[in-house]
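Structure first, then comments.
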Amino acid sequence: MRSAVTVVALAALLLFFAVPAANSAMAEGCASGACTDCHSLTRDEAVKIFGSTVDNVLSVGLSPVGGLWEVDVEKEGKRWPIYVDFSKQYLISGQILHVGTKKNLTGNRFLSMNRVDVSQIPLSGAIVVGKKDAKRRIIVFDDPNCPHCAKLHQTAKGIVANNPDVAFFVRPFPRNNDRETRGKALSIVCAGTVRALEDAFAGKPLPEGTCGSKAVDESIELARRFNIRLTPTMIFPDGRVVPGALEPVDILSLLDEVADSPHSKK
């Protein structure tokens, strides 16, 4: 009986290896060598595939996953990757996650594609959480009425307490450009203190800002230029724009990646 089972198992195993894998990389009989030996996708072909659904096709390359092309596209000022299979019959718009490292490869690509020029963002008028001369600086666009901004503020205080080389430069501005929030933002900028920022988050009354600073107007214009619509939004030293109140470990991980980035400011 055991011998019969062994023979059946062996036959099944041989059959498994004899049947070609059912993926697009093998569709044309490529058994070895580079995928590009058998498959290609030009930018012109990608333009025809996407048509008017995007404003521009920026580039075409192999994706992190076999059998897929990564096509970088642009629409309404935003850039992101979309995947096309080797047969050129299927488009995949979604997230590729690496199981081993837990990294969001699509998300990382999106952040890399939408970098901004950090040198174009003045630090004057910003509220500094940490040391002004800290080596690693994160610029934060905050709305004084935003509860998620208040959460990130507490996270920032914890990070700088344990990492003196990190500082957050907060630029308060009215996300919806309403008069009340603009007044709060100007009051914070005129005070120039973390205490004023925390009073705003706590809903405490603030004195009228009469210092004549243009920092709030600058922040509004910068947010428009860089398409910042959510608060809080952090801008890392290498220009990556990251919205949301991230956890400390995620912020520090992004900062650690900056050291290996050719975009980081020396």
Side-chain angles (χ1 to χ4, degrees), residues 107-144 146 148-175 184-201 211 213-266:
N108 287 347
R109 180 63 180 156
F110 174 85
L111 293 179
S112 180
M113 292 175 65
N114 290 279
R115 297 178 195 269
V116 302
D117 185 354
V118 179
S119 68
Q120 298 299 309
I121 306 176
L123 299 181
S124 58
I127 308 301
V128 184
V129 180
K131 298 180 179 179
K132 288 186 177 181
D133 60 351
K135 182 179 179 181
R136 299 192 289 175
R137 301 173 176 182
I138 298 175
I139 299 170
V140 185
F141 283 78
D142 268 354
D143 184 303
C146 166
H148 297 290
C149 298
K151 178 183 178 182
L152 178 62
H153 178 67
Q154 294 304 318
T155 298
K157 289 172 66 176
I159 288 176
V160 302
N162 296 306
N163 301 271
D165 64 329
V166 177
F168 293 77
F169 287 72
V170 181
R171 296 195 64 104
F173 82 109
R175 184 182 69 247
K184 287 184 179 182
L186 181 58
S187 178
I188 295 167
V189 169
C190 288
T193 64
V194 172
R195 176 64 180 274
L197 180 64
E198 293 177 343
D199 284 348
F201 286 147
C211 61
S213 172
K214 300 297 183 182
V216 175
D217 291 332
E218 287 177 352
S219 295
I220 293 172
E221 172 56 26
L222 288 167
R224 184 200 61 78
R225 187 195 311 173
F226 297 139
N227 203 23
I228 296 174
R229 300 177 181 177
L230 300 177
T231 54
T233 288
M234 292 177 284
I235 300 182
F236 283 75
D238 60 353
R240 286 177 296 174
V241 180
V242 183
L246 303 187
E247 295 298 322
V249 63
D250 297 318
I251 294 173
L252 291 172
S253 178
L254 287 167
L255 273 177
D256 289 339
E257 292 174 6
V258 170
D260 300 323
S261 170
H263 298 272
S264 59
K265 189 176 181 179
K266 305 299 182 182

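Judged as a salt bridge (charged side-chain N to carboxylate O under 4.0 Å, His left out), and not counting sequence neighbours, the contacts of K151 are E247. Residues satisfying the side-chain hydrogen bond (donor to acceptor under 3.5 Å, both in side chains) criterion with T231, sequence neighbours excluded, are R175. Partners of D250 by salt bridge (charged side-chain N to carboxylate O under 4.0 Å, His left out), not counting sequence neighbours: none found. Under the rule for a side chain to side chain contact (heavy atoms under 4.5 Å, CB included), the partners of P164 that lie at least two apart in sequence or sit in another chain are K131. Remark: T193 pairs with A191, R195, A196 by the side chain to side chain contact (heavy atoms under 4.5 Å, CB included) rule, at least two apart or across chains. With sequence neighbours excluded, the residues forming a ring pair (Phe, Tyr, Trp, His ring centres under 6.0 Å) with F201 are H153, listed by chain and number. C146 meets the disulfide bond (SG atoms under 2.5 Å apart) test with no other residue; sequence neighbours excluded. Qualifying salt bridge (charged side-chain N to carboxylate O under 4.0 Å, His left out) partners for R224, counting only residues two or more places apart in sequence or in other chains: E221. Remark: N108 engages K103 in a side chain to side chain contact (heavy atoms under 4.5 Å, CB included) (not counting sequence neighbours). With sequence neighbours excluded, the residues satisfying ring pair (Phe, Tyr, Trp, His ring centres under 6.0 Å) with F173 are F141. Judged as a salt bridge (charged side-chain N to carboxylate O under 4.0 Å, His left out), and not counting sequence neighbours, the contacts of K157 are E198.
For the pair S253 (side chain) and V249 (backbone), a donor-acceptor distance under 3.5 Å is absent.
The side-chain heavy atoms of L123 and R137, taken from C-beta on, include a pair separated by under 4.5 Å. Counting heavy atoms from C-beta outward, R240 and E257 have side chains that approach closer than 4.5 Å. Proximity of I251 to I159: side-chain heavy atoms (C-beta onward) are separated by under 4.5 Å at one or more points. At least one side-chain heavy atom of V242 sits under 4.5 Å from a side-chain heavy atom of F236.
Salt-bridge annotation for R115 and D238: present, with a side-chain N of the basic residue lying under 4.0 Å from a carboxylate O of the acidic one. D165 and R136 are joined by a salt bridge, as a carboxylate oxygen and a charged side-chain nitrogen come within less than 4.0 angstrom of each other.
Nearest heavy-atom pair, I127 versus P172, reported as atom, atom and distance to 0.1 Å: CG1-CG, 4.4 Å. Across all their heavy atoms, V166 and V160 have their closest contact at O-CG1, 3.3 Å. In terms of heavy atoms, S213 sits closest to V189 at OG-CG1, 3.4 Å. Shortest non-hydrogen contact noted between M234 and G244 is CE-O, 3.6 Å. The heavy-atom pair separating P122 from Q120 by the smallest distance is CD-O, 3.4 Å. Across C149 and P232, no two heavy atoms sit closer than the pair SG-N, 3.5 Å.
No option in L254, L252, L152, T155 other than L254 meets the side chain to side chain contact (heavy atoms under 4.5 Å, CB included) test with L246. Across T233, I139, N227, a single residue satisfies side chain to side chain contact (heavy atoms under 4.5 Å, CB included) together with V241, and that is T233.
Distance check: I121 CD1 to S219 OG gives 9.0 Å after rounding to the nearest 0.5 Å. Here the CD1-CG distance, from I188 to D199, works out to 9.0 Å after rounding to the nearest 0.5 Å. To the nearest 0.5 Å, atom CD1 of residue I228 and atom CD1 of residue I220 are 12.5 Å apart.
Residue pairs meeting the salt bridge (charged side-chain N to carboxylate O under 4.0 Å, His left out) criterion with at least one partner in residues 117-126, sequence neighbours excluded, are absent.
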